[in-house]
2 protein chains.
Amino acid sequence: MSAGLDIFSQFGFRGTTLDQIADAAGLSKPNLLYYFPSKEAIHTALLERLLENWLDPLKALNSGGDPVQEIIAYAHRKLALSKDYPRESRLFANEILQGAPRIENILHTDLKQLVDEKAAVIKGWADKGKIAPVDPYHLIFSIWALTQHYADFDVQVQAVMPGSDPYAGAATYLDHVISRILQP
Amino acid sequence: MSAGLDIFSQFGFRGTTLDQIADAAGLSKPNLLYYFPSKEAIHTALLERLLENWLDPLKALNSGGDPVQEIIAYAHRKLALSKDYPRESRLFANEILQGAPRIENILHTDLKQLVDEKAAVIKGWADKGKIAPVDPYHLIFSIWALTQHYADFDVQVQAVMPGSDPYAGAATYLDHVISRILQP
DNA sequence: TCTTGGTTTGACCAGATGGTCAAAACAACG
DNA sequence: CGTTGTTTTGACCATCTGGTCAAACCAAGA
């Protein structure tokens, strides 16, 4: 699974070969296919495992908590996901870039439903004047973008800031950004 | 070129076949190879054309202008690029995801140099108190992330906000975000 | 009409790729 | 040691893929 994640997250489904995965896993190709019935099965298994936790950070956004703190905490959970599971983030990015053929239905059902729900919560906070009146959908997009960028575009970030761990600075910056955005 | 852009931006270099490009272009494979010497040549040509304009929005950031206006204008130029050239954005994203093997040197030279230069300009503005004291590198990253997200993750955005054109809302939101971030 | 230059294509090739299969290797247990 | 169930592999196959080539096609000028 880890070997598959390495390769799929880099080259996407079509750009990945079973030989690559088998090599990375230290197995022969037939041996790899002894554990997984097909290339597609490996990919599906990885995507399913990813999706199990992918939406958790947003699910945990609590409508009863302090609005600004809740949203900042959400962004931090998402940033931690990028830091600790960058390959999973890139696997997801690859899938989206390719038109999300294998998770399109989940995007339109589970994801949309969850985002609608949390967007309503955020809109409630805005209407009550607890946070600035921002579009909740674009707010959520911006948190996705700001956090996943460090995993998905890691090569570029490393090229611009060589040697340093960007996540420390990213966390500080993220605090600044979100508290500023939301200040009523 | 357009057909190649369509396919490469979706599937990446390794995931793209000459037959796909030829089909999309309405040519036979040998005919395609009459105009381009190889698959690699098509990809290289596309990347080179992309890179010609990719850094222009940042280059145009003027150290003599009004700081907040300059940065907002930069973000808008970048958002316009996402809106008008989403396939190019995805081609770039694919290349970065795959480890940027073909443009690594450009990232480490041209891109890094340009970002360093503009980061210094932004830091100058911050030091003079014209904008809030933010990390200029993460500021630039955040503009990249916020704008490219709408092109690269278009499928996801469409799934969450079906039918609507996200770019209008994105522009408004971007104004809000950046002016808030930078307010001294 | 004939020629000439550019364009298009069917047939083909070598190597890669996803996947199969039977046989071999191995570990565990009586 | 012999048996049994699991794991591993070499050999193989059909299809795909990047790329070649000679032949055919076609437009335009002499």
Side-chain angles (χ1 to χ4, degrees), chain A residues 1-51 87-88 90-106, chain B residues 1-51 87-88 90-106:
Chain A
M1 294 279 281
S2 175
L5 184 56
D6 267 340
I7 313 294
F8 277 128
S9 67
Q10 203 179 342
F11 299 108
F13 181 74
R14 305 209 14 192
T16 294
T17 75
L18 284 176
D19 282 307
Q20 280 179 294
I21 300 176
D23 272 5
L27 297 173
S28 64
K29 190 169 56 174
N31 201 186
L32 178 63
L33 288 168
Y34 173 75
Y35 292 101
F36 293 92
S38 68
K39 176 184 173 182
E40 179 113 26
I42 307 175
H43 193 250
T44 303
L46 284 167
L47 268 185
E48 278 172 4
R49 196 182 64 177
L50 160 68
L51 288 174
R87 297 178 303 172
E88 279 82 353
R90 286 193 281 270
L91 182 73
F92 186 80
N94 246 313
E95 185 64 14
I96 300 289
L97 272 177
Q98 291 178 23
R102 291 155 228 278
I103 58 171
E104 213 186 359
N105 54 332
I106 291 176
Chain B
M1 294 279 282
S2 177
L5 183 56
D6 268 339
I7 313 294
F8 277 128
S9 68
Q10 202 179 343
F11 299 108
F13 181 74
R14 302 209 17 188
T16 294
T17 74
L18 284 176
D19 281 307
Q20 280 180 293
I21 300 175
D23 271 5
L27 297 173
S28 63
K29 189 169 57 172
N31 201 186
L32 178 63
L33 288 167
Y34 172 76
Y35 290 102
F36 293 92
S38 68
K39 177 184 173 183
E40 180 113 25
I42 306 175
H43 193 249
T44 302
L46 284 167
L47 268 185
E48 278 173 3
R49 197 183 64 176
L50 160 68
L51 289 173
R87 297 179 302 172
E88 279 82 352
R90 287 193 281 270
L91 182 73
F92 186 80
N94 247 311
E95 184 65 15
I96 300 290
L97 273 176
Q98 291 178 21
R102 290 154 228 279
I103 58 170
E104 214 185 0
N105 54 332
I106 290 175

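We name chains A, B, ... by the order of the sequence lines, and we start the count at 1 in each one. Remember, it's a predicted structure, so these values are computed and weren't measured experimentally.
Remark: B/D19 engages B/T17, B/K29 in a side chain to side chain contact (heavy atoms under 4.5 Å, CB included) (not counting sequence neighbours). Taking the side chain to side chain contact (heavy atoms under 4.5 Å, CB included) definition, one finds that B/A3 meets it with B/I21, B/A24, B/A25, sequence neighbours left out. By the salt bridge (Lys or Arg N to Asp or Glu O under 4.0 Å) test, A/R14 is found to be paired with no residue, residues two or more places apart in sequence or in another chain being considered. The side-chain hydrogen bond (donor to acceptor under 3.5 Å, both in side chains) search around A/R49 returns none, not counting sequence neighbours. Listed by chain and residue number, B/R102 satisfy the side-chain hydrogen bond (donor to acceptor under 3.5 Å, both in side chains) test with B/E40 (two or more places apart in sequence, or in another chain). For A/D23, there are no salt bridge (Lys or Arg N to Asp or Glu O under 4.0 Å) partners two or more places apart in sequence or in a different chain. For the salt bridge (Lys or Arg N to Asp or Glu O under 4.0 Å) test, no residue two or more places apart in sequence or in another chain qualifies with B/K39.
Taking a 4.0 Å limit (strictly below) on heavy-atom distances, residues 16-33 of chain A reaches DNA chain D at A/S28, A/P30, A/N31. Within a heavy-atom distance below 4.0 Å of DNA chain D, the residues of residues 35-45 of chain A found are A/Y35. Residues from residues 2-11 of chain A with heavy atoms under 4.0 angstrom of DNA chain C: there are none.
On the nucleic acid side, DNA chain D contacts chain A at distances under 4.0 Å to non-hydrogen atoms, with the end points of that region at D/dT6 to D/dA11.
The side chain to side chain donor-acceptor pair (under 3.5 Å) analysis of residues 90-99 of chain B, with sequence neighbours excluded, yields no pairs.
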